[in-house]
Amino acid sequence: MSRLVKKSPSICTDQPLDNADIRNKLKLLEQLLRSCYGPKARLKHLHNNIGGHVVTTSASSLLLPALSSSQPLIHLIKTSIHNHISRFSDCGLFAAILCLSLIEHAQQSGLRRNRVIIVNKHLLTACITYLQQEDCDCKVKMDFCSTQSLLTLAHSIISSKPACVLTESERFHMSKLAVQAFLLTVPCSSPGTLHFGRTVTVSVEGQCVLKSAVFPGLMVHMPNDFDFSEIHNPSHPLKVVLFSASLAGDLPELVDRVMEVHPGVDTDSQILELLLDVCKQVVKDDVKLFVCQKVIHPVVQHYLRSHGVIVVERLGITLMEPLTTLTGAQPVAMLQSAVTFTSYGQVSDLSIKQFGDKKLLHLQPVGESAISTMVLCHRNETMMSELKVVWQTAEHVLRLALREPSALHGGGCTETHLAAYIRHKSMNEKAELASALRCSQTEFLRGVDVFCRSLESVAKSLEHDGGNSYMDLTYAHHWINPADSTQDCLQSTLGFCGCGLLNSSTSNKWNHLQKEHAEFAPASMCRNNPVQPRVLDSFTAKLNALQVAVETANLALDVRFIIHDVN
């Protein structure tokens, strides 16, 4: 008989943001994420209490899921940011830091939270409206007639993750490959509805990064005992058959219903006979490439290879879709009937590529196909894991640029420019806006200060070596002064701004970021300026991250009670 335990009452926390323990946890999370932001970020080691795999990263897509907390408010923020990352891949740290900074500055301001929420909503709309304007001064049009802007965008993403441990030549090489792979997935002359292709990633550890390469077509792993003599240069397309059913000879894998087996019948022999009948048919139909998602019986493999058929087993479900797209084959799922002629596909050529100790079978399509393979090489597993995440992010961001062919100034310049623009616009329209939002002008301007300081705080998070962050009082771009420099010679030590568009000069005036300064309207850039930014951020990803950060912060500020069931 089990012992009955009385149910414990739920714990109710009133005004959770006034709770010192919750505030400390939010502050700790903010400090942790700030230290992971930008190309000079500090790396984090993630591991489980009970052991297991250790991850070294500064990427939000790996960091946030690994951070566990029993605090519902932190879980809410994590889930919101993670949802953004799953859709846009990039700007996860930007969204998280801005969200936590908005919460922190709202608490420090002394404003009522409902007033902060109202002002935040209005300023978010103002930011989005400004960023979507054609004449927005922190936006750059992507020119698809040239690869320069695409290379800059890819390079900015790849350079932002120091755990990849890449040299400058390796970063440039990976940026070129990202653009090349992106262009290979864009269909050129397909009639009717266009469908974007896909880049399959193959990881090869222990090799130099510069050996990484992109190949049109699909590459699949081959066993070490593969016979090179099986590969030849065909003068015509090769026929392909693809099985999604297991060919290992297991009865449950072949049928999905009850079967009656008579005593004394050798089912293994009958199943093998059935498999060999299928093999005889595909050999008769002149099939040259036999691929199975699962395992193939050794006798079946021997029979096929003895008849000049190339056999690939254990393909895996991940490669089924790209292989189907590349070859036009229809996966065979049942063996109760003969393989139909329409199930066969084709490849134009087969070859072997070797990277280190890995042999890859290179399948090339008949005609145009938007399937390509990226062979990623790196020196060890830790660096490879981070490089793979960054590579996938770069690929996704380049695709997002097709939806909205624009990018934003990187290096914190968009944040500081937006903050200066919002301050100027709000100061000029404070009477009308305060009246429309039903708050006093003092409350409105204090709410504006909360929002702008939070934006500037994100830009300031890019510095991790004790340097000082500045904003010029002309264009409102972000500048970093090294820790060993003095303020007396700023024009000689600042160099270029965060995005690399502006060079420091004696005519510039600077102000410490987040310090009070006279309100000003950021000057417009010359549209015909031949100099292009060196650091770019994804427009689509950052715009959504801005919305997610403000809306999540407002939601957290609006929480009145947390009811936690502890049973």
Side-chain angles (χ1 to χ4, degrees), residues 27-28 30-43 58 91 93-94 96-102 104-105 108-109 137-138 156 159-162 408-424 448-523 525 531 533-537 542 549:
K27 184 66 178 175
L28 180 62
E30 184 182 5
Q31 290 173 349
L32 186 149
L33 295 177
R34 281 183 188 279
S35 68
C36 295
Y37 193 47
K40 297 180 181 178
R42 303 306 188 239
L43 306 182
S58 64
C91 299
L93 287 174
F94 166 81
I97 295 168
L98 179 57
C99 173
L100 293 166
S101 187
L102 283 166
E104 181 186 13
H105 283 96
Q108 294 172 353
S109 69
D137 280 310
C138 52
S156 301
S159 300
S160 67
K161 295 295 179 281
L408 293 171
H409 294 164
C413 291
T414 292
E415 290 86 336
T416 53
H417 182 90
L418 264 182
Y421 169 80
I422 290 296
R423 286 186 195 277
H424 174 72
V448 170
D449 189 58
V450 166
F451 191 89
C452 294
R453 279 179 177 272
S454 299
L455 281 172
E456 292 169 347
S457 179
V458 179
K460 199 172 180 179
S461 301
L462 289 166
E463 173 53 32
H464 303 282
D465 299 318
N468 294 311
S469 290
Y470 292 88
M471 177 177 68
D472 70 90
L473 301 181
T474 306
Y475 299 102
H477 277 227
H478 177 231
W479 308 74
I480 293 178
N481 193 33
D484 55 354
S485 303
T486 62
Q487 192 171 356
D488 299 332
C489 55
L490 282 179
Q491 64 272 9
S492 61
T493 57
L494 287 177
F496 286 91
C497 67
C499 71
L501 190 61
L502 301 174
N503 198 355
S504 60
S505 68
T506 53
S507 60
N508 284 352
K509 292 183 179 180
W510 288 276
N511 190 75
H512 274 281
L513 211 55
Q514 291 191 303
K515 293 293 178 67
E516 290 187 10
H517 59 83
E519 171 268 321
F520 70 101
M525 294 281 196
V531 180
R534 301 177 183 179
V535 182
L536 292 174
D537 290 334
K542 198 152 201 174

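The analysis underlying the following values was restricted to heavy atoms, covering all of them including side chains, and did not include hydrogens, waters or symmetry mates.
Considering only residues two or more places apart in sequence or on other chains, Lys27 meets the salt bridge (charged side-chain N to carboxylate O under 4.0 Å, His left out) condition with Glu104. With sequence neighbours left out, Phe496 forms a ring-ring contact (aromatic ring centres under 6.0 Å, His included) with no residue at all. Partners of Val458 by side chain to side chain contact (heavy atoms under 4.5 Å, CB included), not counting sequence neighbours, listed by chain and number: Tyr37, Phe94, Ile97, Leu98, Glu415. Qualifying salt bridge (charged side-chain N to carboxylate O under 4.0 Å, His left out) partners for Glu30, counting only residues two or more places apart in sequence or in other chains: Arg34. Partners of Ser109 under the side-chain hydrogen bond (donor to acceptor under 3.5 Å, both in side chains) rule, at least two apart in sequence or in another chain, do not exist in this structure. Listed by chain and number, the residues in a side chain to side chain contact (heavy atoms under 4.5 Å, CB included) with Leu28 are Gln31 (sequence neighbours excluded). Take Lys161 and apply the side-chain hydrogen bond (donor to acceptor under 3.5 Å, both in side chains) test, not counting sequence neighbours, and it matches no residue. Legend: residues meeting side-chain hydrogen bond (donor to acceptor under 3.5 Å, both in side chains) with His478, ordered by chain and number and at least two apart, are Ser469.
In plain terms, the two heavy atoms of Val535 and Gly498 that are nearest each other are CG2-O, 3.6 Å. Of all heavy-atom pairs between Pro39 and Leu462, the closest is CD-CD2, 4.5 Å. Taking every heavy atom of both residues into account, Leu33 and Ala96 meet most closely at CD1-CB, 3.5 Å. Contact detail for Ser457 and Ser461: the closest heavy-atom pair is O-OG, 2.9 Å. In terms of heavy atoms, Ser156 sits closest to Leu536 at OG-N, 2.9 Å. Between Pro162 and Gly38, the closest heavy-atom pair is CD-O, 3.9 Å.
Between Trp479 and Trp510, the ring planes lie perpendicular to each other; the angle is over 60°, past the 30° to 60° tilted range.
Listed by first then second residue, pairs satisfying salt bridge (charged side-chain N to carboxylate O under 4.0 Å, His left out) with a partner in residues 465-475 read Arg42-Asp465, not counting sequence neighbours.
The backbone N or O of Val450 lies less than 3.5 Å from a partner atom in the side chain of Ser454, making a donor-acceptor pair. Formation of a donor-acceptor pair under 3.5 Å by the His417 side chain with backbone atoms of Cys413 is not found in this model. When atom types are taken as modelled, the side chain of Thr416 and the backbone of Glu456 share no donor-acceptor pair closer than 3.5 angstrom.
Here the CG-CZ distance, from Leu418 to Phe451, works out to 7.5 Å after rounding to the nearest 0.5 Å. Between Leu501 atom CG and Cys138 atom SG the span is 11.5 Å, to the nearest 0.5 Å. Atom CG in Asn503 sits 9.0 Å away from atom SG in Cys497 (nearest 0.5 Å). In this structure, CG in Leu408 is found 6.5 Å from NZ in Lys542, a value given to the nearest 0.5 Å. Interatomic distance, OG of Ser504 versus CG of Asn481, reported as 9.5 Å (0.5 Å rounding). The CG atom of Asn468 lies 8.0 Å from the CD atom of Glu463; values are rounded to the nearest 0.5 Å.
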Donor-acceptor pairs under 3.5 angstrom involving side-chain atoms of residues 513-523: please list them, not counting sequence neighbours.
from: Gln514; atom 1: NE2; to: Arg453; atom 2: O; distance (Å): 3.0
from: Glu519; atom 1: OE2; to: His424; atom 2: ND1; distance (Å): 2.2

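In this structure the side chain of His409 reaches within 4.5 angstrom of the side chain of His477, judged on heavy atoms.
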